[in-house]
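What follows is one structure encoded as structure tokens, with my remarks underneath.
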Amino acid sequence: MLSPLPKLPRNAKIAVVGSGVSGLMFSYFLTKLRPDVQINLIESQDRTGGWIKSWNTNDSNKKPVMLEQGPRTLRGVSDGTVLIIDTLRDLNKQSVVQCVRRDSEANKKFLLGIDDKLVQVPESPASAFEFLLNPLSKGLITGLLGEPFRKAPDQSGQDETVSSFLRRRFGNDYIGKNILSAMFHGIYGDDINQMSAKRTMRKLWDLEQKYGSILKGFSQKKPGNDKSPSLSPLLSQYRQAFDKDEKSLLDLSTNLRKYPMLGLKGGLETFPNAVRQSLNNSPNVKILCGKQVSSVQRDTQDSFNIQLTCGETMTDLNHIRLTQLPARISTMFAADNQELAQNLARIKANDIILVNYYLPGQDVIAKKYRGFGYLCPQANHNPQNLLGVIFDSVIERSFKPVFHDTPITTNSQTSKPYTKLTAMLGGHYLNQNGEKSLPSKEVTIRSVKDALNTHLGIPYDALDQGLWAFTIAKNCLPHFSVGYDDWQSSIEQELTKSYAGLISVGGMSFAKGPGVPDVISDGLEDALKLA
Ligand SMILES: Cc1cc2nc3c(=O)[nH]c(=O)nc-3n(C[C@H](O)[C@H](O)[C@H](O)COP(=O)(O)OP(=O)(O)OC[C@H]3O[C@@H](n4cnc5c(N)ncnc54)[C@H](O)[C@@H]3O)c2cc1C
Ligand SMILES: C=Cc1c2[nH]c(c1C)Cc1[nH]c(c(CCC(=O)O)c1C)Cc1[nH]c(c(C)c1CCC(=O)O)Cc1[nH]c(c(C)c1C=C)C2
């Protein structure tokens, strides 16, 4: 949250709505900072973890297999990732931390070309040369060479779509439609013709604002490598507030920045499960699952307090932390603040369909395609509404332990060949004419088989032999539309004005980005303000 928050009174009583990683880590930080505060963590589902769900099931041979049905990797360069790994160290779980190294095959990413063949995203002179021979690179050279000479807009600060920003900077639509739209599919599942450039490309946006050009801005930026590494402002606050050893934290941060991405043994849900276990042992934290918060309002008996309803009414609260997407939060204010509820309801969210495929005993991903996975640009004819495919088996086989006291376990899965991948479909493709139309499980799995056969050459008999899982992540990713930053400021101003800091909002819609590291950093910032 961008706004200031008042310190909690002694022995305060608060509610945290949602036990996804935002709610769990906000509660974890706050109870460490203020063990006197009574925290009620309220969760509508009968499980914790939110979108982080590592599903343990059995394959056709009744052998155990884990399928990720949400996030699976964390970017290495992020304060939030340092907080996650340091927390796992505190909980004596550092042995589960794994990394993909920069030179690993799992760090290769691919784009689906207009000929339905994969082309590697350049990461070396050879892959760059091959990419430039592909039609996807149309306009790339001229776009980049001309970028420093293209004028910045007069009305500074005016938000616009990603495609409009890219068209102005590169002088053509090809770079957006053929290349960058795929990257946006791989994070937001959304349409660059509708997404906010100011919200989703802030660093590039600021470079044009300040230097009139992205590349001119890069040439001005001082390389950070000539000064001795130091903790970021947030990690410095964290070190001080939690009395952390500075060298140990700095070494951890420096070490993790070497890795493009990290994962956890047993799946990403290992992390929220470890935090929940710790909270279960915290005397002043109660986790209430199976309770849906339906309303939030000023305490009718005491205007300095706030209350909520979740089947029962929870009164005398000094603070409520909300971690849901705006449309869900809107329903909670409908009775107490119509204007705020309507403003919250303006922000929509995308549905992502996840299809897991697992084939024991065979690795059917051709060696030349082994990488993190591939993304589909918006330029492509895309009858399956495919956003991209993650090659989980390549990533899992590439994982290396980060901490050297980790016992080297010869996991049976890693010694024997297997194929595991996750196709992600839908996103903005499902929003035809404002209505969401969800395809059936059968139709979707069929279309994923067709896509994997066409794009990767996986034979249908291998596809038909595999284990398939189908999950609809409904309203899972916020739609960061044009004007989003101004919208968020208006929401936070209304909360500050009407609820005097008794309510704070976190999670994907209000953090700096939608990733797990972002929502955790945001939770720490607000816990520090309240503590
Ligand atoms: C398909 C997909 C893939 C992703 N991949 C990655 C990735 O690779 N790396 C990465 O960093 N990030 C990834 N993300 C983003 C990541 O999932 C989120 O950053 C993170 O899970 C958000 O956690 P949260 O706690 O903010 O929200 P959530 O996980 O949504 O948790 C909110 C919780 O609130 C509960 N709740 C909702 N309404 C109520 C109510 N009325 N009362 C009580 N409880 C309620 C919900 O049940 C849920 O448990 C991905 C997201 C998706 C959808
Ligand atoms: C194809 C659809 C999607 C894939 N992942 C997501 C979607 C919608 C969701 C998602 N993935 C990541 C994040 C967090 C981003 C962040 O700010 O940290 C979200 C919301 C992480 C991510 N996405 C890609 C990579 C390489 C990573 C991990 C490292 C990182 O955070 O930078 C790109 C990518 N995503 C998907 C594929 C197939 C792909 C590249 C081939 C799936």
Side-chain angles (χ1 to χ4, degrees), residues 15-26 41-53 68-78 80-81 84 100 106-112 118 121 182-190 200 259-263 268-269 272 288-296 308-311 322-325 327-329 331-332 349-354 371-376 386-392 395 421-427 471 473-478 506-520 522-523:
V16 178
V17 183
S19 70
V21 73
S22 292
L24 286 167
M25 282 308 285
F26 173 84
L41 183 51
I42 306 170
E43 167 56 52
S44 55
Q45 296 182 58
D46 58 6
R47 63 174 285 275
T48 57
W51 290 122
I52 300 181
K53 186 170 182 190
E68 288 286 15
Q69 301 196 315
R72 66 228 40 228
T73 51
L74 305 167
R75 62 180 192 276
V77 181
S78 164
T81 304
I84 292 168
V100 166
N107 195 29
K108 291 197 289 188
K109 291 158 193 127
F110 294 87
L111 295 179
L112 183 66
L118 299 191
V121 175
M183 304 302 170
F184 280 83
H185 275 170
I187 292 183
Y188 305 96
D190 216 332
T200 62
Y259 308 123
M261 66 194 82
L262 298 146
L268 207 58
E269 195 176 350
L288 307 166
C289 281
K291 290 194 172 289
Q292 169 119 358
V293 171
S294 54
S295 71
V296 166
L308 63 77
T309 308
C310 56
L322 301 171
T323 64
Q324 287 65 42
L325 263 58
R328 183 69 70 90
I329 295 176
T331 63
M332 302 175 195
N350 284 321
D351 301 347
I352 300 286
I353 300 173
L354 293 98
F372 182 90
Y374 68 93
L375 288 166
C376 305
L386 185 67
L387 298 166
V389 180
I390 296 187
F391 300 161
D392 299 289
I395 297 168
L421 50 80
T422 308
M424 293 194 196
L425 307 95
T471 312
K474 196 116 190 66
N475 294 319
C476 61
L477 285 171
M508 288 184 272
S509 306
F510 297 97
K512 290 186 182 63
V516 171
D518 304 303
V519 301
I520 287 176
D522 178 72

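Atoms within each ligand, like the ligands themselves, are counted from 1 in listed order.
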With heavy atoms and a 4.0 Å threshold, my read on which part of Lys109 contacts ligand 2 is side chain
Counting from 1 in the order shown, the ligand 1 atoms closer than 4.0 Å to a non-hydrogen atom of Pro517 are 11 (O)
When distances are taken from atom 19 (C) of ligand 2, the protein heavy atom at minimum range is Ile187 O, 3.6 Å
heavy-atom search around atom 30 (C) of ligand 2 in the protein gives Arg75 CB, 3.5 Å
Counting heavy atoms under 4.0 Å, the part of Thr331 that contacts ligand 1 is neither
Counting heavy atoms under 4.0 Å, the part of Asp518 that contacts ligand 2 is side chain
re atom 28 (C) of ligand 2, the protein heavy-atom contact at minimum distance is Thr73 OG1, 3.2 Å
closest protein heavy atom to atom 38 (C) of ligand 2 is Val389 O, 3.3 Å
**OP:** Give a yes or no on whether atom 21 (C) of ligand 2 lies under 4.0 Å from any heavy atom of the protein.
**Re:** no
Should Thr422 be listed as contacting ligand 2, given a heavy-atom distance under 4.0 Å as the test? no
Looking at ligand 1, is there an atom of it that comes within less than 4.0 Å of some heavy atom belonging to Ala473? no
Note to self: Looking at ligand 1, is there an atom of it that comes within less than 4.0 Å of some heavy atom belonging to Lys291?
What the structure shows: yes
The answer for which part of Tyr374 has a heavy atom under 4.0 Å from ligand 2 is backbone
Among Phe391, Phe372, Tyr188, Phe184, closest by heavy atom to atom 40 (C) of ligand 2 is Phe372
So for Cys310 against ligand 1, with non-hydrogen atoms under 4.0 Å, the contacting part is neither
Original post:
Going by heavy atoms in the side chains, are Ile329 and Phe510 under 4.5 Å from each other?
Top reply: yes
- Looking at side-chain heavy atoms only, is the closest gap between Met261 and Thr81 below 4.5 Å? no
Residue, atom and distance of the protein heavy atom nearest atom 33 (C) of ligand 2 read Gly186 O, 3.7 Å
Any heavy atom of Val17 under 4.0 Å from ligand 1? The part involved is side chain
Looking only at the side chains, is there a donor atom on one of Thr309 and Ser295 sitting less than 3.5 Å from an acceptor on the other? yes
With a 4.0 Å cut-off on heavy atoms, is Met332 in contact with ligand 1?
yes
Ile395 vs Phe372 side-chain heavy atoms within contact, under 4.5 Å: yes
